[in-house]
Every structure is written in structure tokens, then in C-alpha cells.
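To keep things clear, I will list the structure first and then write my remarks on it.
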Amino acid sequence: GEFFWDATSVVTDNGGTIIQATSVTTGRWIRVHSGEVNVRWFGAKGDGSTLDTGAFANALATGKDVYIPKGDYVSHALVMSTAGQSMFGDGYSSNFIQSTSNSYIYVSGSHVNIENIRVTGTAANGGIIIKDGSKGLDIKDVYFYQGGQRVWLWACTNVRVLNCTFDNTSYGIIQQVGYASDNVLVDGCISSDMNADFVEANCENASPSKNWVITNNHYLGHSSYPTSVTEGRFVGITAVENVIISNNVVEKAAGDAAIHLEAALGDVIIDSNVFDNCLTTYQDGIIYMLSSSEATTVSNNIFKRSDSTLPNAMAFSNTSSYYSDETIFIGNRVIGNGVTKNLGGVNTAFNGKAMLITNNVFEDLSKAVNLFSSNSVKISDNIILDCDEGVHYPRSSGGGSTYIDVIDNTFRNTTNNDIYTITNTSGTGPPTYWNVIGNRISKKLTITDSGAGGVNNVSNCVVMNNVFEYGATYSIAGLGSRTQWVNNIMLDSVATNVPQTVLRNYADDAAAATGNIPIYGLYRNGSVVMVRVT
């Protein structure tokens with residue numbers, strides 16, 4: 001039919017639908033269409049070779065919703081500027097081909113919807129750009145194949161990317177440097193064979209983005225895997241205020257981290273995700289906090305690494321910069337493989353406020369908890385199974401770790417040390433203010449430090465209410481002042497050194513035979529329980 005959009009007067013039916021209009025050019029009454037328009041009505045061929053840009057532009061210029069039927073439409077640099085407009089198709093078979101550089105769909109209108117189409121292109125740049133203060137945009141059920149930045153955010157708010165597929169693309173959702181986008185939701189998407197980060201926010205501290213939620217997505221790996229590349233992350237975020245990353249499945253990420261957080265300015269919650277065989281550098285960690293000024297919670301996640309050929313990595317690390325607010329690692333399960341044990345648990349340093357590591361299961365790992373120059377760390381109620389090292393302080397130089405609480409943990413089948421601090425011969429401070437309380441220790445406890453070339457600098461340490469079993473040994477060397485050994489139970493265990501104060505402990509026959517007889521405590525002499533008072 002004929003369509004005249006320059007009508008000067010209209011006739012509507014009882015429901016308000018336009019049925020006729022007077023044309024400016026002919027003065028005749030001509031029937032008009034008031035619903036969505038079909039891009040083929042404006043000359044689009046959809047044959048995979050004809051350039052259909054003009055037809056799309058004319059269809060969009062009507063201000064009405066644009067329907068894209070099945071076909072392969074070659075079209076470049078379209079603009080959607082009408083508020084409330086939608087562009088939709090028949091799903092995968094409605095293919096929007098972008099074959100030249102900068103062949104984007106530019107969205108500058110608010111409350112715009114793009115859904116049920118395929119966006120294909122081999123060009124480095126192509127996809128959907130959202131800019132110029134756009135608000136309330138939905139990108140839904142879009143299949144992105146190949147191409148560069150597929151959803152590119154400039155300055156916008158209330159953007160939802162829902163149930164989309166990213167197949168062999170470069171970036172999935174990316175925030176332009178120097179701009180900010182608030183209230184961004186990425187939900188229910190599938191990505192595979194990516195060539196860059198799935199989600200990347202390049203923001204600035206002076207004007208951060210706010211309130212990003214990344215949830216229910218399935219990331220199926222990077223194209224370079226198992227070779228590591230920096231831009232092979234699931235999520236990379238710089239200067240976003242308030243972030244939730246939850247209920248995602250992340251497989252075979254190949255970046256310096258699967259989740260990389262830098263200069264986070266608001267609360268960060270990473271909850272109930274699965275990280276499976278992710279490739280990353282050792283100290284960076286599968287979740288890596290480069291810096292943060294607000295609280296971070298990592299909870300109820302599963303970290304798995306069955307592939308024994310991957311290089312060493314940690315599940316969580318914050319060892320590169322300063323963290324001025326609390327960090328919580330709670331309720332997670334970290335599972336390595338029993339062959340190479342090339343996965344570790346928590347790698348931490350430079351925390352300005354307290355860090356809590358609690359109620360986790362660490363199994364078949366190189367190290368469960370690795371402390372560098374850490375302060376105010378509480379490690380409690382964890383189960384640590386079949387690990388090479390349990391709680392490990394490996395620092396041979398630099399500052400010591402202070403105010404460390406290791407409380408109510410269960411260690412089983414540790415290869416080397418359940419709890420260990422290395423001799424600090426050149427550093428500025430030894431371990432001080434350590435509380436080792438209520439643990440079940442089955443291999444070895446060693447707290448030792450000569451501290452900055454001196455001697456006897458371990459101080460203010462309490463070892464209390466622990467059970468040493470299965471032949472566990474224990475040693476505290478380099479003792480300074482106020483170190484106590486109180487109310488411990490030594491079952492078939494051997495002491496290398498006896499602390500300053502040994503009170504109210506219990507030793508069985510084996511421990512008593514070594515001369516480790518507790519002061520004001522109980523020990524066995526054959527079948528008789530004896531009391532020693534000195």
C-alpha cells in the first residue's frame with residue numbers, strides 16, 4: 001500500500017486507530033498504516049548482497065516499530081533516535097549484516113528496544129552503540145556473531161542486555177573510556193569462543209559508573225584457551241560503584257583473571273558463581289582485586305580445577321595494591337586436582353581493614369590461605385583437606401603479618417604444614433599478635449621468625465584450645481615476649497620448641513615421653529594420669 005507520513009488531517013476509528021489521512025501533496029484521502037512497519041515495505045531486499053541501509057533508515061524515520069522478517073540484510077550506520085521505538089525480527093533468521101568498519105546501530109533515543117535479531121559481521125567495529133544520554137534500553141534475544149564491540153555503552157542509564165548470545169565476538173558489553181553508564185543489567189546471556197572480555201567497564205574515579213548487575217550468564221570460554229591473554233576475562237571492571245556478579249557459570253576464561261576488579265568504589269558482591277578450569281596468572285587469582293575502597297564479599301562460589309596441565313593459580317587474590325575497606329571470603333568451595341595441586345585458595349596482602357575468611361572448604365590445593373604483608377585477618381571455621389599447605393605466611397622479606405586469628409579450623413592430610421610462618425631474615429617485622437585457637441591440627445604448626453636479622457621477635461602469640469593429633473608436630477621459634485601455649489591437647493604429638501608459658505595442657509604418652517610435660521596440666525605416665533605443678 002501507499003503510506004503518507006506528512007498528512008495534515010486524520011480520520012480514526014472508534015478505538016483511536018488512524019485509518020485515513022489527507023496528503024499534503026495530493027489532497028486526497030489515503031489509507032495509512034498505524035502499527036509496526038516492515039522494512040521490506042521500504043525496499044529492503046534481505047538477499048545478503050544488496051545494501052539495505054536506506055530502506056532501514058526510511059523505516060526508522062517513521063518513528064514506528066520496525067519489523068525485520070527473515071533474510072540477510074546488509075546495512076551500515078543506522079540511527080535509532082525516536083523515543084519508545086522498537087526494532088525486532090524473527091530471531092536467528094533475521095540477520096543484520098555489518099560488513100564495514102563502524103557499521104553500528106547507533107541508539108540515542110530513550111526507551112528503545114532491539115530484540116529477536118541476529119547481528120553478524122567480520123568488521124573490527126560493529127554492533128550496537130548506546131550514547132547521548134539514552135535511558136531505558138532493552139537489548140533482548142539478540143544473537144551476536146563475530147565482530148568487535150557488540151554492545152558499546154557511552155553515556156546511558158537503565159540498560160538491560162537480556163538472553164543474548166555472543167559467539168566468536170570481540171568484547172561483549174563494554175563501557176567506553178571517559179564515560180559513565182548507570183543501572184546496567186546483563187542477565188541470562190551465553191558467550192562462547194570470545195576474543196576479548198565478555199563484560200568490561202573502563203570508567204574513571206572522578207565519574208564512575210554505578211549499579212552494575214551481571215547475573216545468570218554462561219561463559220563458555222575464550223578463543224585463546226589454554227593460552228593466557230590479558231583481555232580474556234569474564235568480567236573486567238574499573239571504577240564502578242556497586243557491583244553484583246551472581247549465579248554465573250564461567251568456564252575456561254583465559255585472562256589475567258576471570259573477574260578483574262580495579263578501583264571499585266562501592267560494595268562488590270560476587271555470589272553463587274561456578275568457576276571451572278579458568279586460566280590465570282598465579283598471584284592475580286581467578287577473582288583478582290587490584291584495588292578497592294569499599295567492601296567486597298565473595299560468597300558461596302565454587303572454584304574447580306580438574307585440568308592438571310594448567311599453571312598455578314589462586315581462587316582469590318588481592319596482593320597488588322591497598323584495600324581500604326573490609327573483604328569477606330565466606331561459604332566458598334575451592335577444589336583442585338590431586339595430581340599437580342595447581343590451584344590455591346586465598347592470596348592476600350595490603351588490606352587496610354579486616355579480612356574475614358570463614359566457613360569455606362579448601363580441598364586438594366597448593367595453599368589454602370597465603371598471607372603476605374597482611375593485617376587484621378581472621379581465618380575461621382574452614383575445612384582444609386589434602387592441601388600442601390594450610391595457612392601459609394611465606395614472606396622472607398618486607399613487613400610481617402600481624403593481628404592474625406586462626407580459629408576453629410579443621411586440617412586433614414596436609415602434606416607440609418597446617419599453619420606455617422617462614423623465617424623473616426631481612427624484613428622489617430616478624431609475625432606478632434597471632435591467635436591460634438580451637439583448631440584440629442594433624443600435621444604441623446610452625447611459627448618462626450628471626451625478624452630483620454635479629455632474634456626472638458615473635459611476640460604476643462597465643463596457641464590455645466587446639467587438638468594436635470595423628471602425630472602432628474608443633475614449634476614456635478624466635479620467641480620474644482608474651483607468647484603462651486594454653487589448654488591444648490597433644491595426642492601422639494611432638495614439640496620441637498616449648499613456648500615461654502605452657503599452662504593447663506594435656507599430653508598423652510608419646511608427648512610425655514619427649515619431655516613435653518605440660519605445666520599445671522595433665523599427662524599420662526603409662527596408664528596413670530599425672531598432674532605436674534611447677
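Scope of the values below: all heavy atoms of this structure, side chains included, with no hydrogens, waters or symmetry mates.
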Among Asn359, Thr410, Ile357, Asn360, which one satisfies side chain to side chain contact (heavy atoms under 4.5 Å, CB included) with Asp381?
Asn359
Within the side chain of Gln175, is there an N or O that forms a donor-acceptor pair under 3.5 Å with the backbone of Trp152?
no
Fit a plane to each ring of Phe329 and Phe303, take the angle between them on a 0 to 90° scale, and name the class: parallel (under 30°), tilted (30 to 60°) or perpendicular (over 60°).
parallel
So, Asp182 and Asn211: side-chain donor and acceptor under 3.5 Å apart, yes or no?
no
Check Pro208 against Cys203 and note the closest heavy-atom contact, atom names and distance.
CA-CB, 4.4 Å
Pair Arg412 + Glu469, salt bridge at N-O below 4.0 Å:
yes
Does Val119 reach the side chain of Gln98, with side-chain heavy atoms less than 4.5 Å apart?
yes
Asn347 side chain vs Asn318 backbone, donor-acceptor pair below 3.5 Å
no
Leu279 versus Pro311, closest heavy-atom pair with distance
CD1-CD, 3.5 Å
Asp418/Lys443 under salt bridge (charged side-chain N to carboxylate O under 4.0 Å, His left out): CA gap, chis, key distance, verdict
CA-CA 6 Å; Asp418 295 324; Lys443 181 66 177 182; over 6 Å; no
When rounded to the nearest 0.5 angstrom, what distance separates SG in Cys164 from CD1 in Ile173?
7.5 Å
Nearest non-hydrogen partners of Ser308 and Val339, listed with the distance:
CB-CB, 4.1 Å
Take Arg333 and Lys304 through the test side chain to side chain contact (heavy atoms under 4.5 Å, CB included) and record every step on the way to the result.
CA-CA 8 Å; Arg333 187 174 182 190; Lys304 299 190 297 181; over 6 Å; no
Evaluate whether atom NZ of Lys131 has more than 12 neighbouring non-hydrogen atoms of other residues, nucleotides or ligands under 6.0 angstrom away.
yes
Assess Arg118 against Tyr92: is NZ or CZ under 6.0 Å from the centre of the six-membered ring, and within 45 degrees of the ring's axis?
yes
For Asn409, check side-chain hydrogen bond (donor to acceptor under 3.5 Å, both in side chains) against everything at least two apart and list the hits.
Asn382, Asn439
Asp187: which of Asn217, Asn248, Asn216, Asn247 passes side-chain hydrogen bond (donor to acceptor under 3.5 Å, both in side chains)
Asn216
I need the Ile407 CD1 to Asn435 CG distance, nearest 0.5 Å.
6.0 Å
Working for side chain to side chain contact (heavy atoms under 4.5 Å, CB included), residues Lys252 and Cys278:
CA-CA 4 Å; Lys252 298 182 178 179; Cys278 290; over 6 Å; no
May I ask you to decide if Leu310's main-chain N or O and Asn342's side chain share a donor-acceptor pair within less than 3.5 Å?
yes
Min side-chain heavy-atom separation Leu385-Thr414 under 4.5 Å
no
Ser306 and Asn277: side-chain donor and acceptor closer than 3.5 Å?
yes
Using the rule given for side chain to side chain contact (heavy atoms under 4.5 Å, CB included), can you reason through Arg233 versus Asp256, listing the C-alpha separation, both sets of side-chain angles and the distance that settles it, and then say yes or no?
CA-CA 7 Å; Arg233 312 176 187 103; Asp256 52 1; 2.9 Å; yes
Heavy-atom closest contact (Gly345 atom, Met314 atom, distance):
N-CE, 3.6 Å
Are any of the side-chain heavy atoms of Phe198 and Ile174 separated by less than 4.5 Å?
no
Out of curiosity, Cys156 SG to Gln176 CD, how far, rounded to the nearest 0.5 Å?
11.5 Å
Looking only at side chains, do Thr402 and Asn375 share a donor and an acceptor under 3.5 Å apart?
yes
Pairing of Arg160 and Asp138 as salt bridge, 4.0 angstrom limit:
yes
If you compare all heavy atoms of Ala258 against all heavy atoms of Val250, which two are closest, and at what distance to 0.1 Å?
CB-CG1, 4.4 Å
Ring geometry between Tyr420 and His392 (parallel below 30°, tilted from 30 to 60°, perpendicular above 60°)
parallel
Quick one: sort the Tyr403 and Tyr433 rings into parallel, tilted or perpendicular, breaks at 30° and 60°.
parallel
If you compare all heavy atoms of Ser299 against all heavy atoms of Asp271, which two are closest, and at what distance to 0.1 Å?
OG-OD1, 2.6 Å
Looking at Ser181, is its backbone amide N or carbonyl O close enough to the side chain of Trp212 to form a donor-acceptor pair, meaning the two atoms are under 3.5 Å apart?
yes
As a test of understanding, state which of Val199, Val184, Ile259 forms a side chain to side chain contact (heavy atoms under 4.5 Å, CB included) with Ile214.
Val199
OG1-CD1 distance between Thr296 and Ile270, expressed to the nearest 0.5 angstrom:
7.0 Å
Is the backbone N or O of Asn273 less than 3.5 Å from a side-chain atom of Asn301, with the two atoms forming a donor-acceptor pair by type?
yes
Can you find a heavy atom in the side chain of Thr358 that is under 4.5 Å from one in the side chain of Lys378?
no
Students often mix this up, so state it plainly: with edges at 30° and 60°, are the rings of Tyr143 and Tyr145 parallel, tilted or perpendicular?
tilted
Under a 4.0 Å threshold between the charged nitrogen and the carboxylate oxygen, would Lys341 count as salt-bridged to Asp388?
yes
On the 0 to 90° scale, with breaks at 30° and 60°, tag the Tyr393-Trp434 ring pair as parallel, tilted or perpendicular.
tilted
Working for side chain to side chain contact (heavy atoms under 4.5 Å, CB included), residues Asn332 and Val298
CA-CA 8 Å; Asn332 303 282; Val298 180; 4.0 Å; yes
Let me see the working for Tyr171 and Glu231 under side chain to side chain donor-acceptor pair (under 3.5 Å), right down to the final yes or no.
CA-CA 9 Å; Tyr171 293 95; Glu231 301 290 301; 2.7 Å; yes
Asn488 side chain to Asn466 backbone, donor-acceptor under 3.5 Å
yes
Ser376 side-chain N/O to Ala354 backbone N/O, donor-acceptor pair under 3.5 Å
no
Side chain to side chain contact (heavy atoms under 4.5 Å, CB included) with Met80: of Leu137, Ile130, Ile128, Ile105, only one passes, and it is Ile105
Might you work through the side chain to side chain donor-acceptor pair (under 3.5 Å) test for Thr215 and Ser246, ending with a clear yes or no?
CA-CA 5 Å; Thr215 186; Ser246 66; 3.0 Å; yes
Using only heavy-atom distances, determine whether the side chains of Asn183 and Thr157 contain a donor-acceptor pair under 3.5 Å.
no
How long is the straight-line distance from OG1 of Thr473 back to NZ of Lys444, given to the nearest 0.5 Å?
5.0 Å
Side chains of Thr309 and Asp307: do they bring a donor and an acceptor to under 3.5 Å?
yes
Backbone N/O of Val107 and side chain of Ser134: donor-acceptor pair under 3.5 Å
yes
OH (Tyr104) and CD1 (Ile129) are apart, to the nearest 0.5 Å, by 5.0 Å
Using a distance-only test with no angle check, is there a side-chain donor-acceptor pair under 3.5 angstrom linking Ser223 and Asn195?
yes
